[in-house]
Amino acid sequence: HSKAEGRNTFRYYSAELTRSARERLTLEGELRQAIERGEFELHYQPQVAVADGAIVGVEALVRWRHRVGGLISPARFIPLAEETGLIVPLGEWVLRTACAQFQAWRNDPSLSPFTLAVNLSPRQFRNKGLVQLVRAILEETGMPPRQLELEITEGAVMEQPEAARSTLLALKSLGIKLAIDDFGTGYSSLAYLRRFPINVLKIDQSFMRDIPNDVGASEIAATIIAMARNLNLKVLAEGVETGDQLAFLMARGCDYSQGYLHSRPLDGDAFAALLRGSPRLRT
Ligand code: C2E
Ligand code: MG
Ligand code: MG
Ligand code: MG
């Protein structure tokens with residue numbers, strides 16, 4: 001009796017595993033094709049100065065325009081792209097496309113200069129050709145280095161801090177800016193943080209979600225803001241959705257804010273229209 005049950009259980013799990021393995025293979029194949037066919041697009045979300053709502057930057061966020069599945073969120077394909085290494089060609093496309101788009105906006109005299117932020121995955125960050133690639137894309141697109149900011153997660157830099165430090169220094173020497181994304185969720189050694197050539201800390205959106213109701217989240221966010229100021233770093237809060245959250249950030253002296261309160265990520269045309277229409281966003 002119990003033996004039969006065991007067998008059923010085994011069959012159940014193995015069927016599940018087969019199904020998810022097959023789904024994974026399908027998705028991997030589709031992802032590979034999508035890169036060749038150019039099925040990706042970038043959406044853009046403004047970053048605003050907490051003090052006056054002025055747009056100071058924009059983050060490029062990738063989406064997959066699937067022939068049948070519609071617009072697919074990066075949460076669904078970035079992890080697989082990371083595992084399979086497909087993130088390297090995809091990430092190169094993202095950086096080149098974002099820089100080219102930014103140049104088109106800069107050439108429009110009604111649009112003022114600000115920072116373009118682009119995400120780098122851990123695997124992209126560890127890739128040997130990274131610094132050379134960034135240099136090549138800056139030259140090719142005419143993107144001014146001081147207006148490009150690369151976002152890297154804590155995990156990517158803390159895994160091998162010494163190697164990470166030399167990559168960060170090499171990137172910094174190109175004249176670009178560096179940000180730590182999703183700050184507060186990973187494990188950062190503060191000693192290393194001080195030695196890294198970082199410009200911006202981006203407070204993870206999980207903290208904003210619970211502000212101002214949760215004392216713990218509020219205290220952590222306030223501590224990160226204070227620490228960033230003491231280390232002479234800029235600090236940006238992600239996932240800002242309410243006026244109360246923005247008021248909290250203003251009271252604590254946070255520099256920048258990004259979230260649905262100001263704007264959702266928009267396609268390139270909608271973002272350009274937003275810039276022309278309102279140099280300041282809802283605060
Ligand atoms: P992230 O870099 O931390 O980007 C912020 C995410 O929060 C975006 O999700 C954005 O749409 C979302 N968001 C912005 N404001 C709000 C808000 O007020 N409330 C809530 N609930 N969410 C908000 P998205 O676009 O789905 O991207 C998810 C993650 O995928 C990104 O997190 C980033 O880690 C990764 N990703 C996106 N584009 C790229 C890319 O081009 N390259 C790489 N390597 N990773 C990317
Ligand atoms: Mg980011
Ligand atoms: Mg983030
Ligand atoms: Mg994230």
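Atoms within each ligand, like the ligands themselves, are counted from 1 in listed order.
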CA sep, side-chain torsions, deciding dist, call: L120, L130, side chain to side chain contact (heavy atoms under 4.5 Å, CB included): CA-CA 10 Å; L120 280 190; L130 175 69; 3.9 Å; yes
Under 2.8 Å: N/O/S of D182 next to the Mg ion (ligand 3): yes
Q205, portion touching ligand 1 at heavy-atom distance under 4.0 Å: side chain
Ligand-residue contact atoms, ligand 1 with S121, heavy atoms, under 4.0 Å: 44 (N)
Three-point angle E59:OE2, the Mg ion (ligand 2), E151:OE1, rounded to the nearest 10°: 90°
Stepwise side chain to side chain contact (heavy atoms under 4.5 Å, CB included) check, I203 with I220: CA-CA 10 Å; I203 305 174; I220 290 170; over 6 Å; no
Worked verdict on R37 versus E30 for salt bridge (Lys or Arg N to Asp or Glu O under 4.0 Å): CA-CA 10 Å; R37 292 181 181 154; E30 287 192 18; over 6 Å; no
Ligand-side contact atoms (ligand 1) for residue partner D181, heavy atom cut-off under 4.0 Å: 1 (P), 2 (O), 3 (O)
Pair T115-E149, side-chain donor/acceptor within less than 3.5 Å: no
Residue part near ligand 1, for N119, under 4.0 Å between non-hydrogen atoms: both
Option with minimal heavy-atom separation from atom 28 (C) of ligand 1, where the choices are P74, A60, G239: P74
Atom name in D181, limited to N/O/S, at shortest distance from the Mg ion (ligand 3): OD1
N, O or S of E238 under 2.8 Å from the Mg ion (ligand 2): no
Residue pair L150, L95: steps toward the side chain to side chain contact (heavy atoms under 4.5 Å, CB included) verdict: CA-CA 9 Å; L150 295 180; L95 184 61; 4.1 Å; yes
Contact check: V62 vs ligand 1, nitrogen or oxygen atoms, below 3.5 angstrom: yes
Element-labelled atoms of ligand 1 that are located less than 4.0 Å from some non-hydrogen atom of E59: 2 (O), 4 (O)
E28 with R32: basic N within carboxylate O range, under 4.0 Å: yes
Test side chain to side chain contact (heavy atoms under 4.5 Å, CB included) applied to N199 and K172, step by step: CA-CA 10 Å; N199 302 91; K172 197 61 190 286; 3.7 Å; yes
Numbering as shown, the atoms of ligand 1 that approach R63 to under 4.0 Å (heavy-atom distance): 11 (O), 24 (P), 25 (O)
Contact atoms of ligand 1, heavy-atom distance to D182 under 4.0 Å: 3 (O)
Any E82 heavy atom less than 4.0 Å to ligand 1: no
Within 6.0 Å of CD in Q160, more than 12 heavy atoms from elsewhere: no
Inter-residue atom distance L178.CG - F196.CZ, 0.5 Å rounding: 11.0 Å
Distance filter under 4.0 Å to Q124 heavy atoms, resulting ligand 1 atoms: 44 (N)
Polar side chain donor-acceptor pair, S206 to D204, under 3.5 angstrom: yes
Heavy atom of P265, distance to ligand 1 below 4.0 Å: yes
Q45 versus H43, side-chain donor and acceptor atoms under 3.5 Å: no
Sub-3.5 Å N/O-N/O distance, S73 and ligand 1: no
Part of Q45 with heavy atoms under 4.0 Å of ligand 1, whether side chain, backbone, both or neither: side chain
Close approach of R264 to ligand 1, heavy atoms, under 4.0 angstrom: no
Derivation of the ring pair (Phe, Tyr, Trp, His ring centres under 6.0 Å) call for F183 and F207: CA-CA 10 Å; F183 189 78; F207 299 109; 8.8 Å; no
From the candidates E241, E238, Q258, H262, the one that places a heavy atom nearest atom 5 (C) of ligand 1: E238
